[in-house]
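Here's the structure we're looking at; comments come further down.
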Amino acid sequence: MTTAADPVADQAVDHYDRFLAEHYTWMLGGDLDALAAGQRAALAEWGVTPGSAIGTAAGSLAVDLGCGPGHASLALAALGFDSVLAVDLSRPLLGELAAHAARLPAVRAVRADVRGALRELVRPGSAGAVVCLGDTLTHLPTRGDVAALFADVAAALAPEGTAVFSYRDLTVPLTGTDRFLPVRATEDRIMTCFLEYPDDYNDYTVVVHDLIHTRADSDADWTLTARSYRKLRLSHAWVLEQLRTAGLRVRHEESGAGGLRTVVLERAARSLPYMQQENGGGQLSDQ
């Protein structure tokens with residue numbers, strides 16, 4: 001969850017805070033430690049390490065944009081980053097992370113809009129890694145916001161620092177029963193998503209309907225709760241072009257189920273010469 005002060009963004013924030021947050025860790029698998037361990041393995045495989053960026057102290061800071069309950073933040077701390085900035089707008093999810101990371105001083109949970117967080121909280125050229133995982137990018141109100149975020153990430157990264165983005169490419173409309181996407185089912189909870197492609201936004205957004213059935217025990221009746229919000233439709237080709245424009249070089253990419261795309265990038269040491277590459281080893285800004 002990521003944005004605010006915009007009708008579309010407010011809708012997404014409200015969807016998470018009032019509805020999805022209590023189910024979010026469950027829908028990912030239910031075990032935050034196991035999720036963090038899996039994320040750590042993936043990040044390590046992608047070369048996300050504190051020593052990968054150029055600079056004496058640059059690279060010891062990692063930023064997790066749209067951190068949710070924080071499994072990626074926990075993974076970054078486990079990989080050895082001295083400071084992990086976990087950014088989100090969902091109070092319940094940030095609270096879950098704070099409780100889980102109580103004994104991890106490296107992890108700092110911050111309630112902030114990802115559209116301005118890097119400019120406000122991170123000195124240019126000081127971050128060894130910036131990750132934006134899950135479907136955070138599609139929660140931004142406009143494609144212009146996505147392109148601007150890519151530029152902010154490039155500016156925040158130390159030379160040869162690493163960025164990782166994941167998002168779902170929903171530009172090709174699903175039809176018929178393919179629009180029903182099972183998420184997870186257990187004895188007391190079943191979650192399904194239904195995608196709708198209305199004409200009012202043409203090819204710009206998709207309406208996501210989250211349907212969750214719950215019951216107190218195996219003898220109880222099922223109760224359905226459902227809420228909806230809009231997500232951006234981002235084509236992979238468009239995303240890659242915007243990343244290149246921002247000065248980020250693709251190092252690895254892969255595809256997953258449900259249209260999930262993951263792109264691992266680095267900021268070349270010679271790119272973005274206007275940035276403050278020599279900043280005395282500072283990481284967090286004074287703002």
Side-chain angles (χ1 to χ4, degrees), residues 2 39-40 42-67 72-73 75-88 106-108 110 112-134 136-137 140 145-167 239-253 261-287:
T2 58
Q39 190 68 74
R40 176 185 178 181
L43 291 171
E45 182 179 347
W46 296 331
V48 183
T49 59
S52 61
I54 294 175
T56 304
S60 60
L61 167 68
V63 184
D64 181 8
L65 297 173
C67 64
S73 299
L76 290 164
L79 285 168
F81 285 94
D82 295 332
S83 180
V84 179
L85 200 61
V87 180
D88 208 295
V107 178
R108 174 186 166 198
V110 179
D113 189 325
V114 303
R115 289 176 294 178
L118 291 172
R119 295 190 302 273
E120 295 169 2
L121 300 170
V122 178
R123 286 198 180 102
S126 68
V130 178
V131 304
C132 186
L133 305 175
T136 295
L137 289 179
L140 298 176
D145 291 320
V146 175
L149 180 61
F150 292 159
D152 287 348
V153 170
L157 283 174
E160 297 190 8
T162 303
V164 184
F165 295 97
S166 69
Y167 64 97
V239 168
L240 291 180
E241 179 60 29
Q242 301 308 311
L243 290 168
R244 282 191 289 266
T245 299
L248 295 167
R249 181 171 58 204
V250 176
R251 197 165 72 203
H252 171 77
E253 58 177 293
R261 300 275 193 165
T262 301
V263 186
V264 183
L265 310 107
E266 65 181 10
R267 190 206 132 198
R270 65 180 181 275
S271 70
L272 306 174
Y274 60 88
M275 290 172 47
Q276 302 172 11
Q277 296 188 17
E278 296 180 7
N279 55 23
Q283 294 176 11
L284 299 183
S285 74
D286 296 328
Q287 297 181 29

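Computed over heavy atoms, backbone and side chain alike; hydrogens, waters and symmetry mates excluded.
Looking at every heavy atom in both residues, Val48 comes nearest to Ala129 through CG1-CB, 3.7 Å. Minimum interatomic distance between Ala72 and Leu43 (heavy atoms only, all atoms of both residues): O-CD1, 4.5 Å. Between Gly47 and Thr162, the shortest heavy-atom distance links the atoms O-OG1, 4.0 Å. The two atoms that bring Val122 and Ala156 nearest to each other are CG1-CB, 4.1 Å, heavy atoms only. Here the closest heavy-atom approach between residue Val107 and residue Ala77 is recorded as CG2-CB, 3.8 Å. Considering every non-hydrogen atom in both Trp46 and Arg251, the closest pair reads O-NH2, 2.7 Å.
Residues passing the side-chain contact (heavy atoms from CB on, under 4.5 Å) test with Thr245, sequence neighbours excluded: Glu241. Contacts of Tyr167 classified as ring-ring contact (aromatic ring centres under 6.0 Å, His included), with partners at least two apart in sequence or in another chain: none. With sequence neighbours left out, the salt bridge (Lys or Arg N to Asp or Glu O under 4.0 Å) criterion links Glu253 to no other residue.
Counting heavy atoms from C-beta outward, Val114 and Asp152 have side chains that stay 4.5 Å or more apart. Taking 4.5 Å as the limit, some side-chain heavy atom of Cys132 sits within range of a side-chain heavy atom of Leu137. Contact check for Leu248 versus Leu157: side-chain heavy atoms found under the 4.5 Å cut-off. Using a 4.5 Å cut-off on side-chain heavy atoms (C-beta onward), Arg267 and Pro159 make contact. Inter-residue side-chain proximity for Asp88 and Thr136 is flagged as unmet; no heavy-atom pair is nearer than 4.5 Å. By the 4.5 Å heavy-atom criterion applied to side chains, Leu133 and Gln39 are counted as neighbours.
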(request) Evaluate the side-chain contact (heavy atoms from CB on, under 4.5 Å) criterion for residues Arg123 and Leu61: first the C-alpha distance (whole Å), next the side-chain angles of each, then the deciding distance (0.1 Å), finally the verdict. (result) CA-CA 10 Å; Arg123 286 198 180 102; Leu61 167 68; over 6 Å; no
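The line from CD of Glu266 to CD of Glu160 is 6.0 Å long, rounded to the nearest 0.5 Å. To the nearest 0.5 Å, atoms OG1 (Thr49) and CG (Leu76) are separated by 11.0 Å. The line from CG of Leu149 to CG of Asp113 is 9.5 Å long, rounded to the nearest 0.5 Å.
Phe165 pairs with exactly one of Val153, Val264, Val239, Leu65 by the side-chain contact (heavy atoms from CB on, under 4.5 Å) rule, that one being Val153.
Formation of a donor-acceptor pair under 3.5 Å by the Ser60 side chain with backbone atoms of Phe81 is not found in this model.
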